[in-house]
Q: 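Take a look at the following structure, please.
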Amino acid sequence: MLTLKYITENTTDVITRLAKKNFDGASIIAHVVELDNLRKTTQVQVDTASAELNNLSKEIGLFLKQGKQDEAAQAKEKTVELKENIKILGDQQTAVEQKLNELLVQIPNLPHASVPAGKHAEDNLIERTGGSIPNLPTDAVPHWDLAKKYDLIDFELGVKISGAGFPVYKGKGARLQRALINFFLDNAMEAGYLEVQPPYVVNAASGYGTGQLPDKEGQMYHCTVDDLYLIPTAEVPVTNIYRDVILNENELPIKNTAYSACFRREAGSYGKDVRGLNRLHQFDKVEIVQIQHPDKSYETLDQMVNYVQTLVEKLELPWRILRLCGGDMSFTSALTFDFEVFSAAQERWLEVSSVSNFESYQANRLKCRFRTPDKKTQLVHTLNGSAMALPRIVAALLENNQTPEGIRIPKALIPYTGFDLID
RNA sequence: GGAGAGGUGCUCGAGUGGUUGAAGAGGCACGCCUGGAAAGCGUGUGUACCUCAAAAGGGUACCGAGAGUUCGAAUCUCUUCCUCUCCGCCA
């Protein structure tokens, strides 16, 4: 979330910038400022009263030590009213702080100056493109047909075991999955990321830390007996490694990568967009996460985008990079680049990666800070990106590389699959 | 799941209800010493919020978390979470 300090010191600027995200912040920001003032005056009152009580208590201690029972009793009487006062004021302060926090988590991150205005996906800017769209034969079919033809993925079997959106990968389909995971992890490692294996379920504090809670409560699977959430992305556990941590400046940047299965309820999304691998409840993804100095985070964002570009290039897929418009960006992001690959048989672009700078928005919730040379603490910037999500990559690979002989595997992947053709 | 022990600062570790934000040790930082280093000596070493134009200074809160008893709680009581040991179960 945004820091109180920033909001109260840059009120009009905050409202203007939020407008780009199509968020009307005028009234909520005014409310925040008002509550913050109340918070301060209340704290002064509580602190003053508490200080008085502390002093009285010390006096009483001294009186008793000196055997001055009467003076002690007198002082005790004085504390009664003081304590009542502190209780009332303290409750008030807690209530104000709670309300303030409730409001703060409802305010999205401010978009970066370079974010284009816009409301929908159509307003996103195409940053650059690459690769070439293959000319498929007229009898080319979408990946769900190919998956069946070569017995790679069994969607119906997944329905039987779990439900829609939980496919079963088989044979070369399963090996392709495993190959892609290793390919992505090895590349990330070579790019200097430390591989970590995080838990797949997290507690509420972690969900809150990265912003899934309370905003996207309904999108996560919730194990109510133990009050744990299945992770929608490895971003959640990996970023939360740094929750409540004060780093040394020389530890920055921190670069982590992690493979995980991802679980998403995808409540409310139905229709033809969800066919085959396009939208699943469980899928595999390799994530990259960086914790960076605020001065360098945009430089790092560019590096991460360039890195993901090398992946789609190695996989020989036609790709494009979008700079997301204000309306299409996530709640917590300041600047996001999406990667899409062209799915030749479906004849549409599929989102396969999203790389974002969250600036200090997540860090503020996480309380992840670093120590500056003058020994002060400052919030870090957090960034992450998919590198990459498997299902749509698989969809594009299958569709784009279909030939009469079978499905061709891109050269870079063959050492990982151990085969060069699916037939 | 059953029984027991315990959770204190960067780490280890003391702590009797009353100047304890917290002894002591280690670590770290700075300074002195040195040609340089080690050793030695000295000094310093939490976070958040508030106050102050700012700095200095001052105040409040925090000894797993929450509530309570008390004039006063790291210290007493209750709840809860977590860790460890033993037993049980088990990949």
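Numbered from 1 within each chain, the chains take letters A, B, ... in sequence-line order.
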Q: Quantified in whole Å, what is the P atom distance between nucleotide B:C71 and nucleotide B:G64?
A: 25 Å
Q: At under 4.0 Å between heavy atoms, what does A:T377 touch on the DNA or RNA strands: base, sugar-phosphate, or nothing?
A: sugar-phosphate
Q: What distance, rounded to whole Å, do you find between the two C1' atoms, one in B:A23 and one in B:U8?
A: 12 Å
Q: Quick one: which of B:A29, B:C71, B:C49 gets closest to the side chain of A:L53?
A: B:C71
Q: Need the pair for B:G9. Rule: Watson-Crick or G-U wobble, both distances under 3.5 Å, any strand; none if unpaired.
A: none
Q: Will you find, in the side chains of A:T382 and A:Q362, an N or O donor that is under 3.5 Å from an N or O acceptor?
A: yes
Q: With a 4.0 Å cut-off on N to O distance, would you call A:R39 and A:D36 a salt bridge?
A: yes
Q: Of the nucleotides B:C50, B:G46, B:G72, which has the atom closest to the A:S57 side chain?
A: B:G72
Q: Give, for atom OG1 of A:T224 and atom OH of A:Y229, the distance between the pair rounded to the nearest 0.5 Å.
A: 9.5 Å
Q: Quote, to the nearest angstrom, the C1' distance that separates B:A22 from B:U75.
A: 12 Å
Q: If we count only N and O atoms by modelled type, under 3.5 Å, do the side chains of A:Q292 and A:H381 hold a donor and an acceptor together?
A: no
Q: Sticking with atom C1', work out how far B:C89 lies from B:C12, rounded to a whole angstrom.
A: 36 Å
Q: Counting side-chain heavy atoms from CB outward, which of B:U60, B:C50, B:U47 is closest to A:A51?
A: B:U60
Q: Can you tell which of B:G72, B:G46, B:G59 lies closest to the side chain of A:Q43?
A: B:G59
Q: Whole angstrom is fine here: how far is it from NZ in A:K87 over to P in B:A67?
A: 9 Å
Q: Of the nucleotides B:A61, B:G59, B:G18, which has the atom closest to the A:I60 side chain?
A: B:G18
Q: Consider the side chain of A:V44, meaning its heavy atoms from C-beta on, and name the nucleotide among B:U47, B:G59, B:U51 that approaches it most closely.
A: B:U51
Q: Of the nucleotides B:G59, B:C50, B:A48, which has the atom closest to the A:D47 side chain?
A: B:G59
Q: Once you apply a heavy-atom cut-off of 4.0 Å, does A:L64 come out as touching a base, just sugar-phosphate, or nothing?
A: base
Q: Quick one: pull up CZ in A:R392 and CZ in A:F283 and give me the separation to the nearest 0.5 Å.
A: 7.5 Å
